[in-house]
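Here is the structure we will look at, set down as structure tokens.
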Amino acid sequence: MIRAGRRRAPGRGKRTAALVSLPVLPLAWFVALQEHPPWMPAAYLGYLLVVIVIPGTMFWRRLTGGVGWLSADVILGTAFGLAVEALLYPLGMVFKMPFAALLMPALAFGMWRALPRRTLPERPTPWWSMAGMMVAVGVAAAWFVRVGSQLVPLDGPDALRPNSDTPHNLALAGEITHHFPPKVPYADGGWLTSHWAAYDHIASTHWITSIPLDVLTHRMAPFAWILLTVLGAAAVGMLLTGRAVAAPIAAGLVVAGGDLVAWPWAVSDRVFADGPFSLGGLTNPPQAFSTVLLLPLIAVTTVLLRRRAGTTRAELFRLFVAAGVLVAALALTKATTLPVYATGLAVAWIYLTVRRGRLNLRALVLGIGVAAAYTLTFFFVLRGAASSVRFDPGATFESLADRMGGGSAVTVIAVVVVVGWAMPVIGALLIKRRVARDPMVVFLLAGFVAAVLGASLLADRGDTQLFFVRTGFVFGVLLATWGLGSLERRQYWIAGIAGAIGVAAIYWGRHQTPRTCTSNDCFGQGLAVALVIAVLGIGVFGLVLRGSRRTWAVIAVAVLVGTTVSPTVASVRRFANPPLTSYESIAPGGIEAARFIRRNSGSNDRIATNIHCHQARASHCGTGSYWIAGYAERRVLVQGWAYQARVDDTYPAGVQGPYWNQDELRLNDEVFSNPSRQLIETLRTTYGVQWLLLDERVSAPPKNLDKLTELRFQLGTVRVYQIYPPPPENPFPTRTPTPGTPSSPSSTPTSQTTGFPTGTQSPGETQPTQPSPTGPLPTTGTFPTTPIPTQSTTTPGPTSP
């Protein structure tokens, strides 16, 4: 008994030591979100724990059997829970049940009891491995405080100067919150032909926690997804290598690693950084969410392709179910993720089929599932919308050259960028030969190459092909982790010193470039300086050690991987200022006006506005204005229409072409220039418009508009009017006396005849409104007034908290 107790004590000690570092995670969460009231991060954390983490882990362990580490199962299970939520929320919205995610704990408990248990051998995560992951979490939190939380201002004057992406994300989040299936909220209300699953989590969290949508969209959800990417890469690294040392390596590479293209001449463009810490990862929720979902899918693929011993048919079926859930969620999230995954899967299938001399059914079933999900998404979500991505080799690098001021060094730029993208793959050279035959090595390498080729050979107006590389970033991190995680224990100090040499080389090259590079044609100069220093460092360090071939390989790979450890640190210095416009793309007082409409309207109310351009009174109208739909969480008849695939696929002139329905646009604009009772009634009855939002910077308010409608709100340059039905011709009809009933010469109108309810409205409460038979009420002032209940012409949907 004493001996048995002594054997268990070290395990308990290691587990306790590992758990000691876990408080870093909630501490980092609250520190990174310190600008918000404490109840908001606490509410989100509670929702994540109760609705996502615990049920998701139960789903994951029952379906997959676990990966061998409880910590990895919790991380991957959390991501799997987000995938289940992304599929469950729209089903709930179809039946007007926006709180459907609350069913997940019950569903998970039912699955836990229904499916048979399979106890797999598990290993405790060493304390140093857990501590290494928590260090990466702390760095991510520090980066978010310094940079990530500053990129999208939520309050103050800077909040009026965002680019078009920020309000567009908020508009889609508002649409998913109140309507399903979703339509374009900022133009015409046509069917939304873009991926929307990332906004399911934002909308579900908003319903259950009451956290404002803008805080969720621009702060909490992005930061949560960054942390899950860091921890998810660590969990998958442990699964691939079978070693706990891979966890801190993968987490560290996600935080600090990247590519070689974040030079002083490129950092200012912000398009180049391709990891989760780039501007594209923060301002594009689908990209960030797809990375989170991709990691557990890679884990399931690993278990399937490696053919775990003793797997029964029932267990194999459950593995395919888990993969199917993740594939379906990914198909609804981002268009550039599944193609990269599918390419890696196809090459791995060919490799396994040729190697074993028979058809590999597991990879084939996965491939058929991916193809089916992509096809169904194309026809039922994108509704057959033609993609604007075209085959145009080299156009990516020409576009990057134009962004950097032009020049004739397109070839040099292409070489520098591609070498920078491919640098993390160098880590795969350290994978031992007997392990290199693993199908997952082929899978990751093929997926990474496909990502680089996709970004190099394809082109799009908005450079969306670069998102292929952002998806491939995870593949490169996992390959480098696999190589570095294959080292012997005594080789890690060598790799550490060699990595420091690479970091010094890249920083010296960056430091020298601004001093000596004075033209647009010396883009490769800094890279050349860094590589020369790296080669010298490899030679000197190798000669000092006089090691074996393996030692020389460790030094060379670690130095080259070290040259990529820079984008995060560089962005802390150069991304501190928000990428704002020089003008107020949101009208002064516009955010408050939109929120006023949200508080005093039904979810099916529609707004008409005279705002269409991103910059008011600009010589060139950029029709990328979406902020009204975002902050009001209501559909707008016509505001902006710059995104071709998100409005209508019949545009002949591209994303900046004229609006497809000129009659509708003319009717919308005429109400702000020459309104009439007939025109306003047409907007109300035919298009369902109940609110008018006018920006005085665009046009002055017509003199008779406040006589035909009611001015409900005025602040800054914005006025908000509410449209009421016209009064009846005879509001008090003469009643014919009924025989035997005493007639009354007059009657007193009640709430039923006047149209006003007798109850009161709670502050901030959204109620359906009822018509006023006497026409528009007089406006007593130009300040925000008490909300007057009116009856919407449409059936109100569920009211957002």
With rounding to the nearest 0.5 angstrom, report the [atom1] to [atom2] distance, [X] to [Y].
{"X": "Leu192", "Y": "Leu382", "atom1": "CG", "atom2": "CG", "value": "9.0 Å"}
{"X": "Ile597", "Y": "Tyr721", "atom1": "CD1", "atom2": "OH", "value": "12.0 Å"}
{"X": "Thr396", "Y": "Asp460", "atom1": "OG1", "atom2": "CG", "value": "9.5 Å"}
{"X": "Tyr687", "Y": "Leu637", "atom1": "OH", "atom2": "CG", "value": "7.0 Å"}
{"X": "Thr166", "Y": "Asp214", "atom1": "OG1", "atom2": "CG", "value": "11.0 Å"}
{"X": "Asn610", "Y": "Leu693", "atom1": "CG", "atom2": "CG", "value": "7.5 Å"}

> Does Trp29 have its ring centroid less than 6.0 Å away from the ring centroid of Tyr44?
Replying inline: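 That pair passes the under 6.0 Å test.
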> Taking the six-membered ring for Trp, are Trp691 and Phe713 ring centroids under 6.0 Å apart?
Replying inline: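 No, the ring centres sit 6.0 Å or more apart.
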In the structure I gave you, are the side-chain heavy atoms of [X] and [Y] within less than 4.5 Å of one another anywhere?
{"X": "Ser582", "Y": "Gln615", "result": "no"}
{"X": "Val689", "Y": "Val671", "result": "no"}
{"X": "Leu172", "Y": "Pro182", "result": "no"}
{"X": "Gln722", "Y": "Ser601", "result": "no"}
{"X": "His201", "Y": "Leu216", "result": "no"}

Check whether [X] reaches the backbone of [Y] with its side chain - one donor and one acceptor, N or O, closer than 3.5 Å.
{"X": "His195", "Y": "Leu332", "answer": "no"}
{"X": "Arg719", "Y": "Glu696", "answer": "no"}
{"X": "Arg635", "Y": "Glu175", "answer": "no"}
{"X": "Asn169", "Y": "Thr283", "answer": "yes"}
{"X": "His179", "Y": "Ser603", "answer": "yes"}
{"X": "Trp627", "Y": "Ile591", "answer": "no"}
{"X": "His612", "Y": "Gln639", "answer": "yes"}
{"X": "Ser290", "Y": "Gln287", "answer": "yes"}
{"X": "Ser673", "Y": "Glu670", "answer": "yes"}
{"X": "Arg598", "Y": "Arg634", "answer": "no"}

Check [X] against [Y] and note the closest heavy-atom contact, atom names and distance.
{"X": "Val636", "Y": "Ala629", "answer": "CG2-N, 3.8 Å"}
{"X": "Pro675", "Y": "Ile680", "answer": "CB-CD1, 4.4 Å"}
{"X": "Ala616", "Y": "Val698", "answer": "CB-CG2, 4.4 Å"}

> Among Trp225, Phe30, Phe223, whose ring pair (Phe, Tyr, Trp, His ring centres under 6.0 Å) with Phe144 holds?
Replying inline: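 Going through Trp225, Phe30, Phe223 one by one, the ring pair (Phe, Tyr, Trp, His ring centres under 6.0 Å) with Phe144 is satisfied by Phe223 alone.
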>> For Phe596, does the six-membered ring have the charged nitrogen or CZ of Arg599 within the cation-pi criterion, i.e. under 6.0 angstrom from the centroid and within 45° of the normal?
In response: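 No, Arg599 and Phe596 do not form such a contact.
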>> Side chains of Tyr659 and Glu664: any donor to acceptor distance under 3.5 Å?
In response: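 Glu664 vs Tyr659: donor-acceptor pair found between side chains.
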> When you look at Asn284 and Lys334, which way does the side-chain contact (heavy atoms from CB on, under 4.5 Å) test go after all the steps?
Replying inline: CA-CA 10 Å; Asn284 193 288; Lys334 189 67 178 175; 3.5 Å; yes
> Any salt bridge between Arg595 and Glu592, counting N to O under 4.0 Å?
Replying inline: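 Answer for the salt bridge query: no.
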